[in-house]
Every structure is written in structure tokens, then in C-alpha cells.
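Accompanying notes for the structure given below.
These numbers come from the heavy atoms of this one structure, side chains and all, not from hydrogens, waters or symmetry mates. Throughout, a chain's letter reflects where its sequence line sits, starting with A, and its residues are numbered from 1.
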Protein chains: 2
Amino acid sequence: MSIRKVADLAGVAPITVSRVINTPDKVKTDTRERVQRAIDRLNYVPNLAASTLSSKRSRIVAILVPTLSNPMFSDVIQGLADVLRAEDYHLIIGDTRYSQATESTLAMEMLGRLPEAMVLTGPIGDERVRRLLARAGITVVQIWDLQPSGTIDSAVGFNNYAAAHAMARHLVEAGYKRIGFMAMVGDERAKERRCALAAYLAERGMAPTFEALPPRFDPMYDPSSDFVRLIDQHPETDAVFCASDMLAHLAVFACQRRGWAVPGRLALAGFGDLPLSAKTVPTLTTIRVNQYEIGRRAGEIIINRARSGRRRPDIQDLGFEIVRREST
Amino acid sequence: MSIRKVADLAGVAPITVSRVINTPDKVKTDTRERVQRAIDRLNYVPNLAASTLSSKRSRIVAILVPTLSNPMFSDVIQGLADVLRAEDYHLIIGDTRYSQATESTLAMEMLGRLPEAMVLTGPIGDERVRRLLARAGITVVQIWDLQPSGTIDSAVGFNNYAAAHAMARHLVEAGYKRIGFMAMVGDERAKERRCALAAYLAERGMAPTFEALPPRFDPMYDPSSDFVRLIDQHPETDAVFCASDMLAHLAVFACQRRGWAVPGRLALAGFGDLPLSAKTVPTLTTIRVNQYEIGRRAGEIIINRARSGRRRPDIQDLGFEIVRREST
DNA sequence: GGCGAAAATGGTAGCGGTACCATTTGGGGA
DNA sequence: TCCCCAAATGGTACCGCTACCATTTTCGCC
């Protein structure tokens with residue numbers, strides 16, 4: 001089933017069928033309708049591999065995220081998908097499982113599809129990949145935490161360090177003095193938040209009571225029991241900054257089981273503002289970053305680039321917001 | 001940057017480079033190494049559009065889900081992605097936003113990429129799409145709820161109706177008499193669960209106190225306040241079956257705000273067994289369906305098909321499990 | 001050393017579109 | 001009516017790779 005068959009049936013040249021599909025207003029109305037009928041009759045579906053090869057326009061965008069299971073990233077993807085679908089782009093998704101090596105491999109493989117843009121989560125560690133991407137001449141949008149070093153082209157996100165710093169400040173100003181830190185398995189970006197917390201506390205002459213970064217990819221890791229153990233080991237702790245909302249919620253539930261009042265005995269704060277976090281009892285203090293909007297903006301950068309052809313790096317800091325709720 | 005340049009640099013024919021990439025053991029070791037060096041030197045990345053066109057093997061799998069924001073579906077995708085990555089497939093993802101029309105459009109567009117398989121959520125309503133898919137000769141795997149009618153080829157999932165029926169039975173046998181039903185916005189599949197509940201209750205001479213199916217795509221829909229209103233309108237209700245775990249959790253939190261004991265004043269059950277659901281206070285009674293495994297099995301069907309070339313429909317019922325916890 | 005079969009490599013054509021330029025058609029103004 | 005320019009349509013080559021078959025090389029064995 002090729003464009004030629006359609007052309008024969010419609011009594012036109014193949015190129016005219018191509019025009020009906022791609023630039024319909026360059027074809028006279030009755031010709032267009034005739035061709036359209038032939039397309040419908042034959043159930044013709046254009047071969048996009050051939051189109052890509054010939055036109056060098058793939059209408060593909062590739063995105064790499066650490067995981068699909070975290071709502072933060074699926075919301076980003078949703079935002080990106082919403083924008084791109086309207087422009088007939090297709091989305092190739094890869095999850096790196098928080099592994100640098102997998103990220104490199106996937107990025108190179110995906111380049112073979114000639115994507116018109118590549119969306120990556122955070123900075124690129126691999127020098128070779130960075131070179132390849134830059135040389136490929138495609139739009140590269142790095143999302144999530146903005147980091148001047150390691151940005152190839154454009155970026156949309158927020159300042160991860162500043163966000164954690166602000167949360168540390170919020171906790172201290174709310175009167176908490178013995179603050180702990182805890183992260184979810186695999187969350188590399190959490191390290192920066194830990195540093196920000198420690199740095200702020202140091203400014204005020206304090207230090208974290210504990211800084212729990214679980215080993216990567218430990219399948220036995222149980223945040224709840226780990227949390228309880230940490231508090232038992234550091235009973236003076238009066239607040240814990242959790243590197244994700246889900247972790248914070250689990251901590252709240254663990255407290256409730258133990259009969260520890262939140263925030264009375266222990267204050268808890270998270271990161272990411274899940275829809276859930278405004279509804280739990282108590283509601284959760286957190287850092288909101290509007291993941292959906294990050295995805296949308298990334299999509300807009302890609303589309304504007306494709307339309308204008310201009311190649312001007314665009315760094316958008318969408319900021320963050322400390323949402324103070326009942327848990328602190 | 002083409003295979004030709006690599007071939008020239010390595011002093012071989014283009015086809016030999018192709019072999020090094022696709023069937024390396026058909027090339028003598030020293031030739032292979034020479035070619036590999038040329039590939040590395042030139043940073044050559046094979047053009048998969050050309051490869052697809054020529055070989056008619058795209059190494060692409062397309063998947064359509066109702067939404068990416070629901071962890072149920074992102075877990076399915078994660079399972080699928082894990083299996084397919086090992087075989088160098090790429091995943092094109094589309095979300096239909098629970099719209100039949102979008103599903104049809106996306107499916108047809110994606111066919112243009114010549115995917116080797118297409119994974120769809122649930123039955124296909126559109127006759128034309130069904131025909132096109134069947135004619136395309138690709139593997140089609142329908143996931144989630146198994147429905148004999150509307151299955152094109154293979155399927156992996158569970159019996160949605162039976163699951164809801166079993167939950168109804170659980171609630172009745174636990175002694176609850178006035179049972180309500182509530183679904184999340186957009187969840188079409190919830191209708192079947194409502195029917196199953198109503199049918200079971202009818203068998204026992206009962207009827208649901210309410211059956212709340214919110215209007216589709218109402219952005220103002222607030223499950224929590226809606227829930228409270230429903231209970232106020234039907235105060236005799238002693239249990240609510242929620243069509244998703246998240247909805248059930250929101251209901252629990254609303255109860256806690258109102259001072260209604262769960263399950264003392266009101267029992268709550270969900271669907272999907274989120275990781276969260278075993279940790280909340282109270283823990284949530286729910287129906288577990290192992291979404292990740294559904295994705296994995298779908299991937300295995302696809303790969304086996306690709307390897308063996310056989311085309312035998314494969315229907316796998318992975319079942320479900322009523323997980324009784326504290327909330328009922 | 002010569003033979004034959006298997007392994008390794010190469011030449012050619014074509015996958016299904018679109019870019020580029022050429023040609024034909026249409027229509028308004030002199 | 002003719003001319004000219006714009007709109008509409010068509011012919012040809014080529015995008016980068018691989019299927020298919022042909023050819024060359026290798027190697028075990030008599």
C-alpha cells in the first residue's frame with residue numbers, strides 16, 4: 001500500500017497525493033477531494049519512515065526520564081504530550097532507572113530515529129553523548145533541575161538547590177531545631193537537596209540530625225521502617241525534610257501508627273506537591289514545582305524552534321513555591 | 001553521516017558495515033573491529049528510518065493508554081518498557097485522555113510508523129480502526145480488562161466485572177448493608193464495576209445507596225467534597241466502593257476531617273492497590289491486579305511473536321486479588 | 001596441492017516518500 | 001484575443017539502508 005497506488009486510483013501523480021497529505025491548500029479542491037476519496041477507499045496510511053528518510057523531518061520527539069512510576073515525571077510527560085499531539089508529533093519515551101549508563105545508551109539509540117528534539121531530565125554526565133547531541137543539531141531541552149554547567153541548549157525547570165534551601169529556612173523559621181533529611185531510593189537529585197539543607201543549617205550554626213540517602217536500587221529498602229529506626233536513633237529530631245511527597249506521607253503514616261503527633265512530636269515536609277498532599281490529614285507542607293507546566297513549556301520550545309528555525313537557547317526558570325500546610 | 005562514509009573509512013562495502021551492526025557474528029573478527037573503529041571515530045549512529053524502510057522492521061512498539069497520570073497505567077508501561085528495552089525496541093506512547101476519538105486518530109497515525117506491535121487499553125470501539133489493525137498484520141495486544149468481544153488478537157489483563165463482583169461480595173459478607181459506589185472523572189471502565197456491584201447487590205435483594213459517576217472531563221470535579229455531599233445525602237450508607245485507590249484514600253481523609261471513623265462509621269474499599277494503600281492509617285482494602293506484570297506479559301507476547309513469527313492469539317487472564325485490610 | 005563446501009564479502013536494486021525544478025493550466029488586464 | 005504571471009501538477013532523482021544474489025576467500029580433507 002503506497003502513495004503510488006493512491007495516485008493511480010485518483011488519476012494523479014504520486015507527488016500530488018503527497019501534497020494532499022502535507023500541504024492540502026496547495027491542491028485544487030476537486031483534486032484534493034478525489035485523492036482523499038482514494039485514500040479512504042484504500043485505507044491508505046502514509047509510511048512515516050519513508051517520509052522521514054526523504055524529508056529529514058521525523059515528527060518525533062524523544063524524552064528520557066528517570067522513571068515512569070513517579071507521578072512527578074509522568075506529569076511532565078503529560079504536559080509535553082498535550083502540546084506535541086496538537087502538532088502531530090510522536091513521543092518516544094525511555095526510562096533510565098536513574099542510571100547514567102542507561103541514559104547514555106538510550107540517548108544514542110534514540111538519535112537513530114532522527115528525533116527533532118530530545119528532552120532529558122537534568123544534566124548530561126556523559127561527555128560523548130553531550131557532543132553527539134550538540135552535533136546532531138536537534139533541539140535539546142533539559143528539564144527539572146536547572147544547572148548552568150551541563151546545559152547543552154535549552155532548559156526548563158527550577159533551582160533544586162534553592163528550593164531545598166528555602167525549605168530549610170522555612171523549617172528553621174518555624175522554630176524547628178533538630179532537622180533530619182531522608183530520600184527515596186534512586187533519587188540522585190536528592191543529594192543536592194541534602195547539601196542545601198546542610199548548608200543552610202550550617203549558616204545558622206546547626207547540623208542535620210541525620211541525612212539518610214538509601215543505597216541505589218536496593219529492592220529491600222522500606223522507607224517506613226527505615227524512618228522509624230532513624231527517629232528512634234535520633235529521638236531529639238523535631239522535623240524531617242523528605243526528598244519526595246510520597247516519602248513524607250509514608251513517614252506521616254508511620255508516625256500515626258506510633259502515636260507520634262504530626263507536627264506536635266515531629267514535623268514533616270515533602271517535595272513535589274502531589275494532588276494528595278493537600279488532602280491528607282494533616283495536609284503536607286511541601287515544595288511545589290508544577291511539573292505539568294515544565295512539560296508544556298518544553299513542548300513549546302520545541303515547536304517554536306521547529307516553526308521559526310531559529311536556534312537560540314532558551315532557559316526558563318519556572319521557580320518553586322514553599323507550600324506551608326499543617327504538617328509543619 | 002552515512003553507512004557509506006564508515007565503509008570508506010574502514011575499507012569495506014556498505015553492506016559489511018550493516019552486518020557489523022545487525023549480525024556481527026557473520027563478519028570476521030578483524031573486519032568487525034576495523035569497522036567498529038570507524039564507527040567510533042565518526043560517531044556514526046545508524047539511521048533507523050532508512051533501516052525501517054528497507055527492512056520493514058521498525059523495532060517500534062506503540063502503546064495507547066487513557067492517561068499517564070494514573071500510576072496504574074504508568075506501571076503497565078514500566079513493565080512493558082523493561083521487557084522491550086532488552087530487545088532494543090523503542091516505545092511510542094500516546095494518551096487518549098479517555099477519548100475514543102483520540103484513540104482512533106492516534107492509532108491510525110501511529111500505524112504510519114510501522115510499529116511491530118500495538119498495545120491498546122481495553123476494547124476498540126472504532127470498527128475502521130479494528131479493521132486497519134487486523135489488516136496491518138502486526139501484533140495487537142489489548143491490556144487491562146479482558147472482554148471477549150472486541151479482542152483483535154492477543155490480550156493480557158483481568159476480568160473487570162468479576163473483580164468488582166468479588167468486592168461487592170466481600171463487602172456484603174463483611175456485614176455491610178448500605179453500599180455506595182463512586183468513580184473518578186473519566187474512568188469509563190468504572191461503569192462496568194458499578195454494574196457488577198449493582199448486580200451482586202440485586203442478587204442479595206439489596207441496591208446501592210448511590211452510584212456516582214462524575215461527568216467526563218469536568219475540570220471542577222472535586223472528589224472529596226462530592227464524597228462528603230453524597231454521604232450527607234445518604235447517611236445510612238455504611239460502605240463505599242471506590243473505583244480507584246486514590247479516590248478511596250481521598251474519601252478516607254475526608255472522613256477523618258469529619259470525624260467519621262473508618263471503618264466504624266463508614267467502610268471504604270478501592271481498586272488498584274497503590275504502594276501507598278498498605279501503609280495508610282487505616283490500611284486500604286482494595287483489588288490488586290499487578291499492573292507491572294500485565295505490561296511485562298504484553299512485552300513477552302510481542303517478543304515471542306517477533307522471534308517465532310507465529311501468529312497465534314494469546315489471551316492471558318492474570319486474575320485479581322481482593323486484599324482485605326483495615327478499612328473494611 | 002587441489003578440491004569442494006562453507007564462510008566472508010560485495011554489487012545492485014529498491015523500500016516509499018519528498019525536494020527540486022519543469023511543465024501545464026487558469027485567469028485577469030491590455 | 002493575446003500575454004503574462006501565478007497556481008496547479010508532474011518527472012526525476014535521491015534520502016540511507018538492507019534483501020537478494022553473486023563472487024571471492026578460507027579452510028578442512030583427501
Salt bridge A:D82-B:R97, side-chain N to carboxylate O under 4.0 Å: yes

Calculate the interatomic distance between [X] atom [atom1] and [N] atom [atom2]; express it in whole Å.
{"X": "B:R19", "N": "D:dA19", "atom1": "CZ", "atom2": "C1'", "answer": "10 Å"}
{"X": "A:K28", "N": "C:dT25", "atom1": "NZ", "atom2": "P", "answer": "10 Å"}
{"X": "B:R32", "N": "C:dT9", "atom1": "CZ", "atom2": "C1'", "answer": "14 Å"}
{"X": "A:D8", "N": "D:dT9", "atom1": "CG", "atom2": "P", "answer": "17 Å"}
{"X": "B:L53", "N": "C:dG14", "atom1": "CG", "atom2": "P", "answer": "14 Å"}
{"X": "A:L114", "N": "D:dC15", "atom1": "CG", "atom2": "P", "answer": "14 Å"}
{"X": "B:I15", "N": "C:dG10", "atom1": "CD1", "atom2": "P", "answer": "10 Å"}
{"X": "B:L111", "N": "C:dG17", "atom1": "CG", "atom2": "P", "answer": "13 Å"}

Run through B:V12, B:V27, B:D25 and flag the one making a side chain to side chain contact (heavy atoms under 4.5 Å, CB included) with B:R19. B:V27

Between [options], which nucleotide has the shortest distance from any of its atoms to the side chain of [X]?
{"X": "B:T31", "options": "C:dT18, C:dT9, D:dG10", "result": "C:dT9"}
{"X": "B:R4", "options": "C:dA19, D:dT9, D:dC17", "result": "D:dC17"}
{"X": "A:K56", "options": "C:dG17, D:dC15, D:dC17", "result": "D:dC15"}

Under 4.0 angstrom between [X] side-chain N/O and [N] OP1 or OP2:
{"X": "A:S55", "N": "C:dG17", "result": "no"}
{"X": "A:N47", "N": "C:dC15", "result": "no"}
{"X": "B:T16", "N": "C:dG10", "result": "yes"}

Look at the side chain of B:S54 against the base of D:dC17 and say whether a donor-acceptor pair falls under 3.5 Å; ignore hydrogens and angles. yes

Nearest-0.5 Å distance that lies between atom CE in A:M110 and atom NE2 in B:H90: 5.5 Å

Does A:A50 reach a base, just sugar-phosphate, or nothing at all? Heavy atoms under 4.0 Å. base

Could you tell me whether B:P46 contacts a base, only the sugar-phosphate backbone, or nothing, with contacts defined as non-hydrogen atoms closer than 4.0 Å? sugar-phosphate

Report the relative orientation of the aromatic rings in B:W144 and B:F73; use parallel for angles under 30°, tilted for 30 to 60°, perpendicular for over 60°. tilted

Could you check whether B:S104 and B:D126, counting side-chain N and O atoms only, form a donor-acceptor pair closer than 3.5 Å? yes

Starting at the 5' end of DNA chain D, which residue's closest nucleotide do you reach first, A:K26 or B:P14? A:K26

